[in-house]
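All remarks here apply to the structure that follows.
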Amino acid sequence: MSPPAPSDLGYVPPDGGWGWAVVFGASISVGFAYTFPKAFTIYFKELQAVYSISYSQIAWITSIMCATTYGGGPISSILVNRYGSRPVVIFGGLLCGIGMVSAAFCTSILQLYICVGFITGFGLALNLQPSVIIIGKYFLKRRPIANGLAMAGSPVMLCTLAPLNQFLFDNFGWRGSFLILGAILLNCCVAGALFRPIGTATVSVKTQVTEEGKDGLKEEVTKDAMEMNNPGNVPLDTKTEEEGGKDCCEKINQYLDFSLFKHRGFLIYLIGNVLMFLGFFAPIVFLAPYAKHIGIDEYSAAFLLSILAIVDMIARPTTGIIANSKWVRPRIQYFFSFSIAFNGACHLLCPLASGYTGLVVYSVFFGLAFGMVCAMLFETLMDLVGAARFTSAVGLVTIAECCTILLGPPIGGTLIDTFGDYKYMFIKCGAVMVLAGTFLFIMNYYNYRMLAKEEKERKAKEEDPKSVRTENEGRNNWNKETIQDKPELEPLREEREGLKKEANGTNEV
């Protein structure tokens, strides 16, 4: 499956230049979106003491934040289609700052759910989707590398925010820390300011303006071509009137392409990813508790996450470079399937690690596999649906994934409570991810075969002389040929139209 053609967007992406500044801004936004819910857990113990609540009650803050971040995907996609990435990310940064500053004045856990969980979580949703969407508008040939660098912002931010939160808490308490974190999250607005719009506006103007000296026929042809390119072949003059008559569902479908559910590759990706996320995040959540469970001290247990983050930081851009190679990119879906299955195999082998050295080895391989999956998570989706439909696709995917993201860690916790052993949680996560990787590999093989078959049939149909012409197609082809000819053939065209009218019995006297 080759990369989407440049015509998918209507212009050729620059593959560099200001695009690298966009990648830098995207790494900041993506880093905050993925890392902030994990780094926020440093305040859980103090909040439990302040509000006298259980660990499960306090853990709902992170769950609500993550679910809102993914569940807000369709809304984020609609806003990006309507206003572009820059204003959406800037507004999301403002929401994040407002949410955390408001949380500093909360007096109940319910207020924290609203301020941190919903407001800040929705702000992070408005940062995540536009950041990965705009990369596809600036890059085509180097897009896997750009995606890998942008996704590397997550482990970099994890290594930064975790110690920073501890420092802020030790010096300013949790309320003062929330105020400072609100100010830090406003940097998402700066990242959004780097997302300079790019698109077909200039190209459209050039195609609509006719050159001086062209006759009226050329202007007519240009107008007809614009109408033909309009969705549904609707004339431009009547488009605004018809949009006013659309109902709510049609207006939503205008910005969120539900026809993707008829796209074979998209459905394969969606099913595989929803299954994968049942076991994707739980091992990270329970890695440190598992280390403590087998008798490792707190600092050494926390250092396992640092090892994972450092390896993850290196793995993401490296994976982007490998995925961009001429050997991997044409079949990048297989590479993605292998990464998921490799991730699951690491979890299946984790219970064999009885000591700290074994857990360090597990953390290294887990960080490598985790980085490989994250680096290609959005690149493979863009490879399937193209950059033009990616905005809608990522919104639909994230709303489906938020359910399994929300359920994954609680199911793992239930297994730990039931059996009193962490190994069953790791086995469950590993088995689910191996199953997801195997499913994607088999179904992508089927998809590649079907695409090749459809392409072969299309070429055979084009080369078959019997299927080239019909009477109506012949007339249309004749009209197109006369349009491309010089004005000297205008009398011949008028004579041809007169003969057609006589044949149809519509010739006027």
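In what follows, residues are counted from 1 in the order of the sequence shown. Just so you know, these numbers use all the heavy atoms, side chains as well, and skip hydrogens, waters and symmetry mates.
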I want to check something: taking the side chain as every heavy atom from C-beta on, are P144 and M376 in contact at a cut-off of under 4.5 Å?
no

Beyond-backbone contact of M372 with F335, side-chain heavy atoms, under 4.5 angstrom
yes

Test your reading of the model: is there a side-chain donor-acceptor pair from R329 to the backbone of K141, 3.5 Å cut-off?
yes

Measure the shortest side-chain to side-chain distance between I314 and L368 over non-hydrogen atoms and say whether it is less than 4.5 angstrom.
no

Counting C-beta onward and ignoring hydrogens, is there a side-chain heavy-atom pair between L267 and H263 closer than 4.5 Å?
no

Hey, would you say the F266 and F261 ring centroids sit under 6.0 Å apart?
yes

Exercise: identify the closest heavy-atom pair between G117 and T68
O-OG1, 3.6 Å

What distance do I184 atom CD1 and C96 atom SG have between them, rounded to the nearest 0.5 Å?
12.5 Å

In short, A193 meets R86 closest at the heavy-atom pair O-NH2, 3.1 Å

Measure the acute angle between the ring planes of F280 and F370, then classify it against the limits of 30° and 60° as parallel, tilted or perpendicular.
parallel

So OG1 of T380 and CD of Q333: to nearest 0.5 Å the spacing works out to 5.0 Å

Does the T69 side chain pair with the main chain of G121, one donor and one acceptor, at a distance under 3.5 Å?
yes

Nearest-0.5 Å distance that lies between atom OG in S131 and atom CZ in F195:
4.0 Å

Flag the pair S392 / N81 as yes when at least one side-chain heavy-atom distance between them is below 4.5 Å, and no otherwise.
yes

Within this structure, what is the CG-CG distance for the pair L384 and L270, rounded to the nearest 0.5 Å?
11.5 Å

Working for side chain to side chain contact (heavy atoms under 4.5 Å, CB included), residues M443 and S337
CA-CA 10 Å; M443 295 307 296; S337 304; over 6 Å; no

Going through the distances and angles, do V364 and I307 end up as a side chain to side chain contact (heavy atoms under 4.5 Å, CB included)?
CA-CA 7 Å; V364 170; I307 294 173; 3.9 Å; yes

Quick check: does any side chain N or O of N273 sit under 3.5 Å from a backbone N or O of Y269, one acting as donor and the other as acceptor?
yes

Go through it in stages, so that I can follow the logic: the residues are F277 and M433, the test is side chain to side chain contact (heavy atoms under 4.5 Å, CB included), and I'd like the CA-CA distance, side-chain angles, deciding distance and then a yes or no.
CA-CA 8 Å; F277 274 104; M433 296 200 69; over 6 Å; no

State the CD1-OG1 distance between I145 and T319, to the nearest 0.5 angstrom.
12.0 Å

Of all heavy-atom pairs linking I135 and A26, the shortest is CD1-CB, 4.0 Å

Do V132 and L377 come close enough that some side-chain heavy atom pair is under 4.5 Å?
no

Any salt bridge between E454 and R264, counting N to O under 4.0 Å?
yes

Where is the tightest heavy-atom contact between H347 and N343, given as atom of each residue plus distance?
NE2-OD1, 2.8 Å

So, N127 side chain and S29 main chain: donor-acceptor pair closer than 3.5 Å or not?
no

Check E462 with R458, please: is the shortest side-chain N to carboxylate O separation under 4.0 Å?
yes

Any side-chain to backbone donor/acceptor pair from N444 onto L440? Under 3.5 Å, distance only.
yes

Do you know which two heavy atoms are closest between C346 and F366, and how far apart they sit?
SG-N, 4.4 Å

Could you give the distance from CG (D15) to CG (L140), rounded to the nearest 0.5 Å?
6.0 Å

Below 30° counts as parallel, above 60° as perpendicular, anything between as tilted: where do the rings of Y448 and Y334 land?
perpendicular

So, do F139 and W20 have ring centers that fall under 6.0 Å from each other?
yes

I'd like to know if the side chain of R316 and the backbone of A375 have a donor-acceptor N/O pair within less than 3.5 Å.
no

Flag if over 12 foreign heavy atoms under 6.0 Å of CZ, F365:
no

With a 4.5 Å limit on heavy-atom distance, are the side chains of L161 and F32 in contact?
yes

Could you walk me through whether V116 and M65 pass side chain to side chain contact (heavy atoms under 4.5 Å, CB included), step by step?
CA-CA 7 Å; V116 180; M65 193 188 308; 3.2 Å; yes

Strictly distance-based, threshold 3.5 Å: is any side-chain N or O of S154 a donor or acceptor partner for the main-chain N or O of G31?
no

Considering all heavy atoms, the nearest A436-I340 contact
CB-CG2, 4.2 Å

Would you say F378 and F390 make side-chain contact, with heavy atoms under 4.5 Å?
yes

